[in-house]
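Shown next, in structure tokens, is the structure this report addresses.
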Amino acid sequence: MTKTTTSNDIAEATAPADSAGSPKAAPVMLETRHLSRSIGQRLLVHDVSIEVSTSEIVAVVGPSGAGKSSFLRLLNRLDEPTSGTVLIGSKDYRSITPRELRRRIGMVMQTAFLFPGTVSENIAFGPRQRGVAMAPMQIASLLERVGLSGFADRAVGNLSGGEAQRVALARTLANDPEVLLLDEPTSALDESSVRGVEELVLDIVRERRVACVIVTHNREQALRLSDRTMVMEAGRMVRIGATREVLHDV
């Protein structure tokens, strides 16, 4: 039986060794501390504390209404926590300006929400907000990386679902994020597009050494992609651990 290679398999194989010859643990890039959110009497997320290291993918699974997407939205302050906080590279994210936080924590949603215009205009949008102009060669290189060479001048209205999702990912990567959040990024795609996006995510996490959190309803996708899996029920984390161990009992 062939073993699926995940991002941490690669990271451990290439990590520098300490004086005893053992691989050094990857640094923690994203941490939640007792993260909670409620609206009135409705509990959306309750007391979730986890750490995600560089080059690691953590899947978040659970039934509908478990709080998975609510948890993800808290990670880059699209929603505000009622209590607890999030640390980015050991820095409390409440001390980071919203614009800088959006750059450092990139998010790709279930549906690719692209701006009207061309692919290149979409990709250049984030850096332009910071006063950085992307050169055409930079855009071309990024598009090549996501498998869309020659798409720079294409209107976004003429893209397939899989192409649009790749553009959304490229637009996020243009900001050079340290954390990548994925909310059901392949649920609307056909099977061939799903596998292409998954392979791309694995490559990007390895190459850029980002910390990645993916919400997915697809058990097989979690097995293919993630190093660890967190199970949520009724807004609470009920289990977290190595993906194959956790999903064996789910």
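Positions are given from 1, in the same order as the sequence printed here.
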Report, one line per pair, each donor and acceptor closer than 3.5 Å where one atom sits in a side chain of residues 118-128; sequence neighbours left out.
residue : atom : partner : partner atom : Å
Thr118  : OG1  : Ser120  : OG           : 3.1
Thr118  : OG1  : Glu121  : N            : 3.1
Thr118  : OG1  : Glu121  : OE1          : 3.4
Ser120  : OG   : Ala152  : O            : 3.2
Glu121  : OE1  : Thr118  : N            : 2.9
Asn122  : OD1  : Phe115  : N            : 2.7
Asn122  : OD1  : Arg171  : NH1          : 3.1
Asn122  : ND2  : Phe115  : O            : 2.9
Asn122  : ND2  : Thr118  : O            : 3.0

Review item, side-chain donor-acceptor pairs of residues 59-74, under 3.5 Å, at least two apart:
residue : atom : partner : partner atom : Å
Lys68   : NZ   : Gly62   : O            : 3.0
Lys68   : NZ   : Pro63   : O            : 3.1
Ser69   : OG   : Asp183  : OD1          : 3.1
Ser69   : OG   : Asp183  : OD2          : 3.1
Arg73   : NE   : Asp79   : OD2          : 2.9
Arg73   : NH2  : Asp79   : OD1          : 3.3

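The shortest side-chain heavy-atom distance between His46 and Arg37 does not fall under the 4.5 Å cut-off. Under the 4.5 Å side-chain criterion, counting only non-hydrogen atoms from C-beta, Leu159 is in contact with Phe151.
Closest approach of Thr216 and Ala222 over heavy atoms only: CG2-CB, 4.1 Å. For the pair Leu189 and Val194, the tightest heavy-atom approach, listed with the atom from each and the gap, is O-CG2, 3.7 Å.
Using a 4.5 Å cut-off between side-chain heavy atoms of Ile, Leu, Val, Met, Phe, Trp and Tyr, with links allowed through other members, Val179 and Val215 fall into the same hydrophobic cluster.
In this structure Glu80 satisfies the salt bridge (charged side-chain N to carboxylate O under 4.0 Å, His left out) test together with Arg77, sequence neighbours excluded. For Arg208, the salt bridge (charged side-chain N to carboxylate O under 4.0 Å, His left out) partners at least two apart in sequence or on another chain are Asp176. In this structure Arg102 satisfies the salt bridge (charged side-chain N to carboxylate O under 4.0 Å, His left out) test with no other residue, sequence neighbours excluded. Residues satisfying the side-chain hydrogen bond (donor to acceptor under 3.5 Å, both in side chains) criterion with Glu199, sequence neighbours excluded, are absent altogether. Every residue meeting the side chain to side chain contact (heavy atoms under 4.5 Å, CB included) condition with Ser38, not counting sequence neighbours, appears here in chain and number order: Leu43, Thr82. Remark: Ser187 pairs with Gln110, Glu184, His217 by the side chain to side chain contact (heavy atoms under 4.5 Å, CB included) rule, at least two apart or across chains.
In the displayed structure, Glu207 atom CD is contacted under 6.0 Å by more than 12 heavy atoms of other residues, nucleotides or ligands.
Here salt bridge (Lys or Arg N to Asp or Glu O under 4.0 Å) pairs that include residues 42-51, with residues two or more places apart or in two chains, number zero. For residues 107-117, there are no salt bridge (Lys or Arg N to Asp or Glu O under 4.0 Å) pairs, not counting sequence neighbours. Each salt bridge (Lys or Arg N to Asp or Glu O under 4.0 Å) pair with one or both residues in residues 185-194, not counting sequence neighbours, appears once here: Glu191-Arg195. Listed by first then second residue, pairs satisfying side-chain hydrogen bond (donor to acceptor under 3.5 Å, both in side chains) with a partner in residues 150-161 read Ser160-Glu163, not counting sequence neighbours.
If you take CD1 on Ile57 and CG on Leu180, they are separated by 8.5 Å, rounding to the nearest 0.5 Å. In this structure, Leu142 CG and Ile139 CD1 are separated by 8.5 Å, a value rounded to the nearest 0.5 Å. With rounding to the nearest 0.5 Å, the separation of CD in Glu100 from CG in Asn175 is 9.5 Å. Going from atom CD1 of Ile214 over to atom CG of Leu182 covers 5.0 Å, rounded to the nearest 0.5 Å. To the nearest 0.5 Å, atom CD1 of residue Ile50 and atom OG1 of residue Thr32 are 5.0 Å apart.
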